[in-house]
Amino acid sequence: MTKKNFKDEEENESLLEAYNSNSNINSSNNKQSISTTNRSDQKYGINNANKQFSLNNKKSINGEDIDEEELVQDTLFFKFKLDNKQRNSIRLFVQIVSLVILAGYLISINALYFSTSARSIIFYPPINTDSGSVSPTPTPNHITLLQTSTESTVTTSSYDSSEIEALNGGTFNMKYFFYFSTFDILLLSYFISLFWLLLIFSDNYIYHVVSYIMTIVALIYNVIKSYFTITQILSINKDIITTTSNEIYMGSDSYIPETSPLLNSLKVREMIIVIVLVGIPLMVLFLMLHLITLQLSYKKHKRLSEKEKQFYNQAAEEKRLNKKVEVKHSNLKRLIQLSRPELPIILAAMVALVFSSLTSLAMPYFFGSIVQVVATTHSFNNLNSSTLGLVIIFVVGSVATLVRSWLFYLAGQKFVARIRRNLFSSIIQQEIGYFDQCRTGELLSRLSSDSQVIQNSVTVNISMLFRYSIQIIGSIILLFITNWRLTLLMLGIVPVLAISTVFYGKKIKQLGKQFQDELAKSSTTGEEVISNIRTVRSFSKEQKFIDLYSKDINGSFLIGKSLAVATGVFSGIVFLVAQLAIVLIVYVGARQVLDGTLSTGDLTSFLLYTLSLAMSLAFISSLMTDFLKAIGSSDRIFEIFDRVPAINVSGGKQIPNPLGEIELKDIEFSYPTRPNNNVLKGLNLKLKKGTITALVGPSGGGKSTVIAMIERFYDPNSGSITFDGVDIKELDPVWYRGIIGYVSQEPVLFAGSIKDNITFGNDSASMDEIISAAEKANAHSFIEEFENGYDTIVGERGVRLSGGQKQRIAIARAMIQNPMILLLDEATSALDAESEYLVKQAIDEIMKDRTVVVIAHRLSTVINANTVVVINQGKIEEMGTHKELLNNPDGTYHNLVKRQLSSDE
Ligand SMILES: Nc1ncnc2c1ncn2[C@@H]1O[C@H](COP(=O)(O)OP(=O)(O)OP(=O)(O)O)[C@@H](O)[C@H]1O
């Protein structure tokens, strides 16, 4: 798993390298080519999700399969050079040895601590209850945590043994604690293990530095503590005089009570020394070992930041070219930033959450007191007041829970609605080339399921995280207060939990992302089939697509299966550990009750707190998988958020009184999806104001591509397109497209009414204008015949209308826009004679007094054109009037016309 993690990051690194070498190569070409073909790659160095694209670049740059990663070498100690494989082997070695050290440290500390009576030296020594004495005699050094006071200790002879135990457990003496208690060393070992886990399993430089510093701090603490502990214990050893039958302590340290095991047992003193010393060599060893990984991670960090710097320089260049550049933050931070508008609601919900959590924490206490009443005092008054307390707690808790759930849910709904809006707006603003690469279903899946996953994580899961965190911290504190020994025993299991969480968390994250990807694939198939159901039906391909969809679903099912196993194992381990902890507690606690050192009520409270702690830990661990899933989803969503459209949808110059002349100069162009296939090869074309230019030529020659270039659906690889002498890249696309009308070969209508579809070209058009446009497009009379007239719903993509009707509505839609320039792709689909005639008339009407470019399929259109342009294989082969071109019997045009005439016959 760790290896995989390294591999991912290594890949990222190599992608960044690939990107940079790509830009270096391209920079020797012209700048434009960099900005158009490589813009989308730029973020790939820091964005994991788009590796594929960048990898392709890497190959195409080098022209051969060179793995650049291998070429990056680090020097490590004495200029010993390392390549990637060597680095990985060293890391693996360090990881394994570190794990052994970590395990050794935890096992030895726990074993030493719990197997000796040194563990009883914590806050203050236990009292020898057998002798009936309640020493120690209070000294000025005593700090009382519970209600212990001089008076109370004097009267404790009437306490039962469990109460005396509780009192002693709560007494704290600073000097005694610092010199002799090894409890802090035990806690330090747990604390430092968490940082070591970070060091072992992560390759992140910051984590390395933080963990390294924390280990040094821990080491310094341990060394100082050892020094004091050893000198103090040696002085005790010196002051103990062994007589023939006894040991007598002659020291004057008033803070060590006579009953302390320190004075009674040499073995205890030795064990304390061993416990405080054991961690020091291990920490030193760990630090030395991790000098290597620290150095490696630093070098990697440096390499990456240098490349990032190059990336930002490139980004600055982009900015100068008027491109928006966004810097990607870490996903979690961004998610939190995105939920900022909901902060007031979330904060209010948090307040309710604190209340509801506190009431949950109070419940075991009240249950415990009820059990204690039943077991000891048998007082109805006490029972009533405890029960009343419980009822009040329940009521307050329920109200707080209600408010908490409502507010978190509300915040979640608001958040997801905004994410969807933003995501949709990011998608829709991408350039047309982006949609050539993406499948609709995949984008839709990001809009629906990915944003849903994020909603849960940012609201419901965060709420749960806080709730369970409060419960865990509160339970641990209350457990310590109730019985610290049992609590320590239980907490020994925590590191095991932490390790299992780290291991499985990563696996689940990977699987979660793969699962979403596969699911998106099947939605894509589903969407495609359903939207093209007519074609599927006419070819009777239902079964084929059912099989295809089943295959896709099977892909996600297989990953879902692994996910189920991983989640199951993960939850199972957490559950097992938690349950074992409970069994252990019940056993040890029950023994203490039988010994008379713990009251029944306290055991009940303790068990309930343990149960609450175990449940909270289990829930929190399952939350982690949800968070990891959300990070997978947010990867995909931010990928879109961060994508800078190659062509902006708005912003730029407007020309006050445009003439309407367009010129294409030396246009070279290839589609982004097929960069090696040059579709336009040095094309030059001038469209004069008020003229009709007919584009003709063999299929696939590049006619529609010319129209797409004029619309600025794509930018050329080289050359320029000017409008009234201004490069169209400098023009405001909204303004520019506003003066262009476009009627495509197969016009697509939207699912609203006829009126909605016509006004699509001009939102503010009046009813008179709509009717006038429809009349000119020869559409008015058939619209009038519909029962609902202009309010007739046309169905999805205009499915309820005939081909000729759709075309005429599309012409009306363009007409109402009153465009200065008209781009027209004549329909090739055969219409009946009547429709054909009506559509033709509409087209003739719309072409009047405009600059028109028409992809002509009918001879009549060509004959009327001022210029006929023959485009073949991306080049202009012939240009002139119909007559001129016809006079060249060897020309492509002559042959085209001949062929059309013969087919008409
Ligand atoms: N979105 C696209 N992505 C990749 N290649 C494309 C795309 N659209 C067109 N092409 C390719 O570009 C070339 C020119 O296509 P274009 O549609 O411009 O030809 P055309 O002359 O309009 O053909 P037709 O008369 O058949 O419509 C063809 O080889 C085609 O395969």
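All values reported here derive from a predicted model rather than from experimental measurement. Note that ligands are numbered from 1 as they come in the structure, with each ligand's atoms numbered from 1 the same way.
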Under 4.0 Å from one or more heavy atoms of Ser704, ligand 1 contributes atoms 17 (O), 18 (O), 20 (P), 22 (O), 27 (O)

Among non-hydrogen protein atoms, atom 10 (N) of ligand 1 lies closest to Tyr671 CE1, 3.4 Å

Ranked by distance from atom 25 (O) of ligand 1, the top protein heavy atom is Lys703 NZ, 2.9 Å

So the atoms of ligand 1 within less than 4.0 Å of a heavy atom of Thr673 turn out to be 3 (N), 4 (C)

shortest atom 23 (O) of ligand 1-to-protein heavy-atom contact is with Gly700 N, 2.9 Å

The protein heavy atom nearest to atom 1 (N) of ligand 1 is Asp436 OD2, 3.3 Å

Under 4.0 Å from one or more heavy atoms of Thr705, ligand 1 contributes atoms 14 (C), 15 (O), 16 (P), 18 (O)

Heteroatom proximity flag, Ile855 to ligand 1, N/O under 3.5 Å = no

What one should report as the nearest heavy-atom pair of Gly433 and Pro672 is CA-CG, 4.2 Å

Neighbour count >12 (heavy atoms, 6.0 Å) for atom CZ, Phe545 = yes

Query raised in the report: Counting only heavy atoms not in Phe782, do more than 12 fall under 6.0 Å of its CZ?
Result: yes

If you scan protein heavy atoms around atom 26 (O) of ligand 1, the nearest is Ser699 OG, 2.6 Å

Electrostatic pair Glu431-Arg712, nearest N-O below 4.0 angstrom:
no

Exercise. Report, as yes or no, whether the 6.0 Å neighbourhood of atom NZ on Lys875 holds more than 12 heavy atoms from other residues, nucleotides or ligands.
Key: no

- If you measure from each heavy atom of Tyr714 to ligand 1, is any distance below 4.0 Å? yes

- prompt: Short N/O distance, under 3.5 Å, between Val679 and ligand 1?
  reply: no

Is the ring pair Phe669/Tyr714 parallel, tilted or perpendicular, if the boundaries are 30 and 60 degrees? tilted

Logged contact type for Arg674 with ligand 1, heavy-atom cut-off 4.0 Å, is side chain

Look at Glu730 together with Lys653 and state whether they make a salt bridge at an N to O cut-off of under 4.0 Å. yes

Between Ile721 and Met709 the two heavy atoms that sit nearest each other are CD1-O, 3.4 Å

